[in-house]
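The structure appears right after this line, and notes come after that.
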Amino acid sequence: MLHNVPAAQALPELMDWFGYRRAFIVCSRTLNTRTDVIAQLRAALGDRCVGLTDEVGEHSPLSNVLAAARQAVALEADVIVSVGGGSVMDMCKAMQLCISEQVSDRDGLLRLQMRMSADGTEMLAGSTAAPRIRQIAIPTTIATSEWTPVSTPIDDQTHLKARFVVPDGAPRGIVYDPALLARTPLPLLLATGVRGLDHAINTACSLHPHPFASLLAEKAIQLYVENLPRLRDRSDLEAFSQCQLATWYTGMGQMSVPHGFSHWMVHIVGPLAGIPHSDAACVLMLAQARWLEGHATAQHARMLNLLGRTGSFAAVLEELLAELRMPRTLADLGLNQAQVESFIQPALDHPQVTRNNLRPIATGDELRAVMALAGATHLSSKVSNLENVHR
C-alpha cells in the first residue's frame with residue numbers, strides 16, 4: 001500500500017515492483033471522459049497499458065463484468081488496474097474470478113457464489129482455482145472495497161446482488177492519492193465515507209469481536225468523524241489523507257469479524273430500490289445505532305470517549321449526517337412503506353442480514369422494527385440547526 005503519493009507516479013513503480021508489463025485499466029465513465037486522470041495514467045504507463053474499459057455501471061452488472069473479462073483476456077493483460085469506487089473494484093474482482101475460472105457466461109459465474117460456514121460466521125469462496133490475474137487499486141472513494149476479496153455485482157436478470165469471495169481478490173497493491181480523492185464529487189465522497197464508517201462501526205460492534213480489529217475500527221471511527229466534515233475544503237489535503245488512513249484501518253480489521261444488519265441490508269435496499277450503497281448506508285447505519293442502544297453500551301462508550309462526546313452514540317451519528325447533509329431517513333431516500341415491505345422477504349432470504357446481530361434481527365417483525373427506526377423523523381432540533389448553519 002502506497003499512501004499520500006501521486007497515482008501517476010506510484011502506478012509505474014508498482015508495475016515495476018511486481019513485474020507487470022500489460023495493464024488493463026477499468027475506470028468510471030466520468031473519470032475517463034470528464035477528467036484527465038486516466039489520460040495521465042495511460043501516459044505514465046506508455047505501452048504497458050494495453051487496454052481500457054469504462055463500461056462499469058452502478059453496482060457493476062454481471063454483463064459488464066463478463067464483457068470486460070473477455071476483453072482483458074483477448075488483450076493478454078497480466079494485471080487489472082482499477083481506478084474508481086466500489087463498483088469499479090467489485091467489477092475487477094469478479095473479472096479476476098472469470099479469468100481464473102475461465103468462465104465466460106452468466107450461469108457459470110453464478111455457480112461460483114460464496115457459501116456460508118456451518119456456524120454462519122464465515123463467508124467461504126465458491127472457487128478453488130489459482131488466481132491467473134490480480135488487481136492494483138487506485139480508489140477514488142473511501143468505503144474500503146479495496147481491502148476485501150468480496151465482490152457483489154448485480155445480476156442483470158434478477159436485479160439482486162450476486163455474492164462472490166474471490167481467492168486473492170483483494171488488490172495486490174493500493175495507491176492512496178489524496179489529490180485524486182479531492183476530485184471526487186463531494187456528495188459521493190461523503191456518502192462513501194459514511195459507508196466506510198458503517199464498516200468500522202460494524203467491526204467495533206460485532207457479535208464476535210476481536211480486540212485488534214476493534215482497536216483499528218475505533219481509531220477509524222475517530223478519523224472519519226473528525227475529518228469527513230473537513231472535506232468541503234478541497235485544499236485541505238490532510239483531511240483527505242486522514243480519511244484514506246481511516247479506510248486503511250477499517251479495511252485491515254473488517255474481514256476479521258462478522259458484520260451485522262446495516263452492512264448487509266444495503267445489498268437489499270440498493271439494487272431493489274435503485275439507490276447507491278453508500279446513500280442507503282447512511283440511513284441504515286443510523287437505524288442500527290438506534291436499535292443497539294442499551295445492547296452495545298460498552299462499545300458505544302468507547303467510541304464516544306475517543307470522540308470526546310457524551311450521550312447517545314446514535315445522536316452523534318445523526319448530528320454528523322446532518323452536518324454532512326446526508327440522508328437520515330427512508331423518506332430522504334425517496335422510499336415509501338410499500339417499497340420497505342418489499343425488502344423484507346429478500347432480507348430474510350439473504351445469508352447474512354439476519355445473522356450475527358448484537359441485538360437479534362431474525363424475523364420479519366424484527367426487520368420491520370429496525371426499518372421503522374430508519375423511517376423515524378429527524379429527531380433533534382440541534383440537528384436541524386446544524387443544517388441551517390451549513391446551508
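Values reported hereafter were calculated over all heavy atoms of this structure, with side chains retained and with hydrogens, waters and symmetry mates removed.
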| query | Where do Val257 and Ala213 come nearest, in terms of heavy atoms and distance? | reply | CG1-CB, 4.4 Å
| Do you know which two heavy atoms are closest between Ala204 and Met303, and how far apart they sit? | CB-SD, 4.2 Å
| Rounded distance [0.5 Å steps], OG1 in Thr152 versus NZ in Lys161 | 4.0 Å
| said: With side-chain contact (heavy atoms from CB on, under 4.5 Å) as the criterion, how do Ile221 and Ile201 come out once you've worked through the C-alpha distance, each side chain's angles and the decisive distance to 0.1 Å? | reply: CA-CA 7 Å; Ile221 291 163; Ile201 292 170; 3.9 Å; yes
| request: Go through the steps for Leu367 and Ile361 under the test side-chain contact (heavy atoms from CB on, under 4.5 Å), then give the verdict. | output: CA-CA 6 Å; Leu367 279 168; Ile361 306 172; 3.7 Å; yes
| Between Arg183 and Asp36, does at least one N-O distance fall below 4.0 Å, as a salt bridge requires? | yes
| said: Check this for me, if you would: do Glu101 and Arg132 make a salt bridge, where the nitrogen-to-carboxylate-oxygen distance has to be below 4.0 angstrom? | reply: no
| query | Any Lys/Arg nitrogen of Arg230 or Glu238 sitting under 4.0 Å from an Asp/Glu carboxylate oxygen of the other? | reply | no
| message | Out of the candidates Gln254, His263, His259, only one should pair with Thr203 under the side chain to side chain donor-acceptor pair (under 3.5 Å) rule; please name it. | response | His259
| task | Show the numbers, then the answer: is there a side-chain contact (heavy atoms from CB on, under 4.5 Å) between Gln352 and Met116? | result | CA-CA 9 Å; Gln352 290 282 64; Met116 296 302 300; 3.1 Å; yes
| request: Anything under 30° is parallel, anything over 60° is perpendicular, the rest tilted; go ahead and classify Trp147 against Trp248. | output: parallel
| message | Given 3.5 Å as the limit, does a donor-acceptor pair link the side chain of Asn357 with the main chain of Gly260, or not? | response | no
| Side chains of Asp156 and Ser63, donor plus acceptor under 3.5 Å | yes
